[in-house]
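In what follows, a single structure is set out as structure tokens and then discussed.
Only this structure's heavy atoms are used, side chains among them; waters, hydrogens and symmetry mates stay out. Note that the structure is a prediction, hence the values are computed from the model and not measured.
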Amino acid sequence: VQLVESGGGLVQAGGSLRLSCAAVSFSIRAMGWYRRAPGKWRELVATISSGESANYADSVKGRFTISRDNAKNIGYLQMDSLKPEDTGVYYCNTDPPFAAYWGQGTQVTVSS
């Protein structure tokens with residue numbers, strides 16, 4: 001059982017990135033994207049249910065879009081209008097998160 005994040009990188013403020021989360025060896029139901037900014041605790045960014053109902057942290061509403069491809073067992077996080085405060089390591093996990101599923105995450109760095 002493994003969750004593998006990808007798609008991070010360095011982008012200028014105002015730019016976009018699309019993160020992917022592949023679930024290996026299991027079918028994920030409710031999925032969440034989380035991030036850990038430098039010097040801060042990990043926080044919830046967005047969630048999507050198996051029925052594709054989405055919720056977002058106030059800080060990313062209107063800029064980020066969570067989606068999923070159930071046939072491929074992959075989740076996505078489209079991040080637009082990125083800000084320097086979006087910088088951090090982004091992780092996917094179930095919603096609520098399961099400790100054993102935390103992966104390496106993918107680094108997102110937004111320069112000003």
Side-chain angles (χ1 to χ4, degrees):
V1 174
Q2 191 177 9
L3 292 168
V4 180
E5 304 92 347
S6 62
L10 173 64
V11 64
Q12 288 187 333
S16 298
L17 284 173
R18 188 194 196 201
L19 306 184
S20 298
C21 170
V24 180
S25 301
F26 79 111
S27 293
I28 193 167
R29 295 181 180 179
M31 173 186 289
W33 280 97
Y34 306 80
R35 70 184 177 192
R36 178 177 287 162
K40 296 186 178 181
W41 295 103
R42 186 155 39 200
E43 63 174 344
L44 177 65
V45 174
T47 62
I48 186 166
S49 69
S50 56
E52 303 193 24
S53 175
N55 286 285
Y56 300 92
D58 288 343
S59 60
V60 306
K61 279 181 182 176
R63 301 187 298 119
F64 290 12
T65 304
I66 190 171
S67 62
R68 62 191 300 161
D69 184 331
N70 290 327
K72 296 181 179 179
N73 214 21
I74 296 177
Y76 302 99
L77 185 68
Q78 177 68 40
M79 306 187 296
D80 299 316
S81 302
L82 282 161
K83 303 176 180 180
E85 51 263 45
D86 294 318
T87 293
V89 181
Y90 284 69
Y91 306 84
C92 63
N93 204 317
T94 52
D95 175 38
F98 186 56
Y101 292 168
W102 291 117
Q104 295 298 312
T106 186
Q107 176 70 46
V108 172
T109 303
V110 184
S111 63
S112 57

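Gly88 and Pro38 make their closest contact through CA-CD, 4.4 Å (heavy atoms, listed as atom of the first residue, atom of the second, distance). The two residues Lys61 and Tyr56 have their closest heavy-atom pair at CE-O, 3.3 Å.
For residues 45-98, the disulfide bond (SG atoms under 2.5 Å apart) pairs, not counting sequence neighbours, are Cys21-Cys92. Residue pairs meeting the side-chain hydrogen bond (donor to acceptor under 3.5 Å, both in side chains) criterion with at least one partner in residues 44-53, sequence neighbours excluded, do not occur; the list is empty. Residue pairs satisfying the disulfide bond (SG atoms under 2.5 Å apart) criterion with at least one member in residues 44-82, sequence neighbours excluded, are absent.
In this structure, the separation between CE on Met31 and OH on Tyr76 is 9.5 Å, given to the nearest 0.5 Å. How far CD of Gln2 is from OH of Tyr101: 12.0 Å, rounded to the nearest 0.5 Å.
In this structure, the side chain of Ser20 does not engage the main chain of Ser6 through any donor-acceptor pair within 3.5 Å. Between the side chain of Arg63 and the backbone N or O of Ser81 there is at least one donor-acceptor pair closer than 3.5 Å. Although no hydrogens or angles enter the test, the distance criterion places a donor-acceptor pair under 3.5 Å between the side chain of Arg68 and the main chain of Ile28.
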### Task
Take Asn93 and Asp95 through the test side-chain contact (heavy atoms from CB on, under 4.5 Å) and record every step on the way to the result.
CA-CA 7 Å; Asn93 204 317; Asp95 175 38; over 6 Å; no

### Query
So Ser16 and Gln78, side-chain contact (heavy atoms from CB on, under 4.5 Å) or not? Walk me through it.
CA-CA 7 Å; Ser16 298; Gln78 177 68 40; 4.0 Å; yes

### Query
How far apart are the C-alpha atoms of Trp33 and Glu5, what are their side-chain angles, what is the distance that settles it, and do they pass the side-chain contact (heavy atoms from CB on, under 4.5 Å) test?
CA-CA 10 Å; Trp33 280 97; Glu5 304 92 347; 4.1 Å; yes

### Task
Please step through side-chain contact (heavy atoms from CB on, under 4.5 Å) for the pair Leu77 and Thr65, ending with a clear verdict.
CA-CA 6 Å; Leu77 185 68; Thr65 304; over 6 Å; no

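For the pair Ile66/Val45, no side-chain contact is recorded, criterion being any heavy-atom separation below 4.5 Å from C-beta on. Using a 4.5 Å cut-off on side-chain heavy atoms (C-beta onward), Val110 and Gln12 make no contact. Under the 4.5 Å side-chain criterion, counting only non-hydrogen atoms from C-beta, Leu82 is in contact with Leu17. You'll find the side chain of Asp86 stays beyond 4.5 Å of the side chain of Met79, heavy atoms only. You'll find the side chain of Thr87 reaches within 4.5 Å of the side chain of Gln107, heavy atoms only.
Remark: aromatic rings of Trp102 and Tyr34 are close, center separation under 6.0 Å.
The side chain to side chain contact (heavy atoms under 4.5 Å, CB included) test with Ser59 singles out one residue from Arg35, Lys83, Glu85, and that residue is Arg35.
Stacking of Arg42 on the aromatic ring of Tyr91 is recorded, both the 6.0 Å distance cut-off and the 45° axial limit being met.
Taken together through direct or relayed side-chain contacts under 4.5 Å among Ile, Leu, Val, Met, Phe, Trp and Tyr, Tyr90 and Val11 form part of one hydrophobic cluster. Residues Val89 and Leu3 fall into different hydrophobic clusters, defined by Ile, Leu, Val, Met, Phe, Trp and Tyr side chains chained together at heavy-atom separations under 4.5 Å.
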